[in-house]
Enquirer: 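I am attaching a structure below and will ask some questions about it afterwards.
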Amino acid sequence: MEILTLGNQALRQKALAVQTIGPEYQSLGEELISALHEQRGLGLAGPQVGIHERIFVVHISGDIPRIFINPSIIETSQETEKFEEGCLSVPGIYTDVIRPRAVKVQAWNEKGRPFTLEADGLMARVILHEYDHLEGILFIDRLSEAKRNRILDKIGKAKAK
Ligand code: NI
């Protein structure tokens, strides 16, 4: 699987709902998880590999890999937290992002079974980051304009080299 990077318009499109969760989603989920492991990331969303469907995978240390299909964010905490994020689609950039500290998410797994998950800390952060990918949002969009511009400037200069 090829990971698309910043500048690719596919990352900016809103992903479409999965209509029927057939057996092919089990293999797609597995493929996404192995790509995630290969890249040593914490999460990977369909749009990052050119799949315009509402699916993402998350695997954080101490937990099992999880596949989320057609997720909905049911609730987020009022309380926020600042933590350093990176993204496989924005290589080489790591910066603090403010997000809700906890989240309640509802989704379907690769077998088509619905589940609800309450998460906080790193897990909540990765879920919210991956959910953003389904909406065409990147973590740099969550920064102040000045900070985002500094980063885009840095990326532009790196690309020009
Ligand atoms: Ni990302």
Side-chain angles (χ1 to χ4, degrees), residues 1-18 25 28-74 76-77 80-110 117 119-156 158-159:
M1 282 182 156
E2 194 202 334
I3 313 262
L4 309 180
T5 54
L6 184 69
N8 191 313
Q9 282 314 300
L11 290 170
R12 294 311 199 169
Q13 288 161 23
K14 202 174 149 146
L16 302 172
V18 173
Y25 284 90
L28 175 60
E30 280 163 18
E31 273 180 66
L32 287 168
I33 289 166
S34 44
L36 177 66
H37 289 162
E38 219 170 273
Q39 302 290 331
R40 298 170 185 280
L42 302 177
L44 184 64
Q48 293 183 273
V49 292
I51 292 164
H52 284 289
E53 292 183 286
R54 301 185 79 80
I55 179 168
F56 64 73
V57 297
V58 173
H59 191 193
I60 64 166
S61 159
D63 192 24
I64 52 164
R66 294 179 191 271
I67 301 168
F68 297 75
I69 299 171
N70 293 343
S72 313
I73 303 296
I74 310 259
T76 51
S77 62
T80 58
E81 215 166 54
K82 201 199 254 183
F83 197 79
E84 189 179 72
E85 288 187 28
C87 178
L88 296 173
S89 294
V90 190
I93 302 295
Y94 299 89
T95 191
D96 282 345
V97 181
I98 297 167
R99 294 195 190 264
R101 197 190 62 78
V103 65
K104 185 173 177 182
V105 60
Q106 192 274 320
W108 281 262
N109 71 11
E110 69 284 7
L117 185 75
D120 60 8
L122 185 60
M123 186 70 182
R125 179 160 296 267
V126 179
I127 288 170
L128 290 167
H129 175 121
E130 297 314 320
Y131 184 85
D132 272 355
H133 277 299
L134 305 184
E135 297 292 301
I137 298 168
L138 298 174
F139 77 114
I140 55 170
D141 303 338
R142 299 272 178 208
L143 307 173
S144 69
E145 204 183 329
K147 202 170 166 190
R148 184 170 58 250
N149 285 338
R150 275 201 303 276
I151 285 173
L152 291 175
D153 202 41
K154 192 173 156 187
I155 294 170
K159 275 190 181 162

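Just so you know, residue 1 is the first one in the sequence shown, and it goes up from there. The structure presented is a predicted model; accordingly, all values stated were derived computationally and were not measured. Any value given below was found using the heavy atoms of this structure, including those in side chains, with hydrogens, waters and symmetry copies removed. Order of appearance sets the numbers: ligands from 1, and atoms from 1 within every ligand.
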Enquirer: Can you count the protein N/O/S atoms lying under 2.8 Å from the Ni ion (ligand 1), leaving waters out?
Expert: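 Near the Ni ion (ligand 1), the number of protein N, O or S atoms below 2.8 Å is 3.
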Enquirer: Are V90 and I155 close enough that some pair of their side-chain heavy atoms sits under 4.5 Å apart?
Expert: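 A side-chain contact exists here, since the closest heavy-atom pair is under 4.5 Å.
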Enquirer: Compare all side-chain heavy atoms of I67 with those of N109 and state whether any distance is below 4.5 angstrom.
Expert: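 No; the side chains remain at least 4.5 Å from each other.
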Enquirer: Would you mind writing out the side-chain donor-acceptor pairs for residues 58-65 within the sub-3.5 Å range, not counting sequence neighbours?
Expert:
unit_1, atom_1, unit_2, atom_2, d
H59, ND1, H37, NE2, 2.7
H59, NE2, D63, O, 3.0
D63, OD1, R66, NH2, 3.0
D63, OD2, R66, NE, 2.8

Enquirer: Are R12 and D141 ion-paired here, with the side-chain N under 4.0 Å from a carboxylate O?
Expert: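 Salt bridge between R12 and D141, a charged N being under 4.0 Å from a carboxylate O: yes.
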Enquirer: Flag the pair R142 / I98 as yes when at least one side-chain heavy-atom distance between them is below 4.5 Å, and no otherwise.
Expert: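 A side-chain contact is absent here, since even the closest heavy-atom pair is not under 4.5 Å.
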Enquirer: Just verifying a value: how many Å separate E31 CD and E38 CD, rounded to the nearest 0.5 Å?
Expert: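 Here the interatomic distance stands at 11.0 Å.
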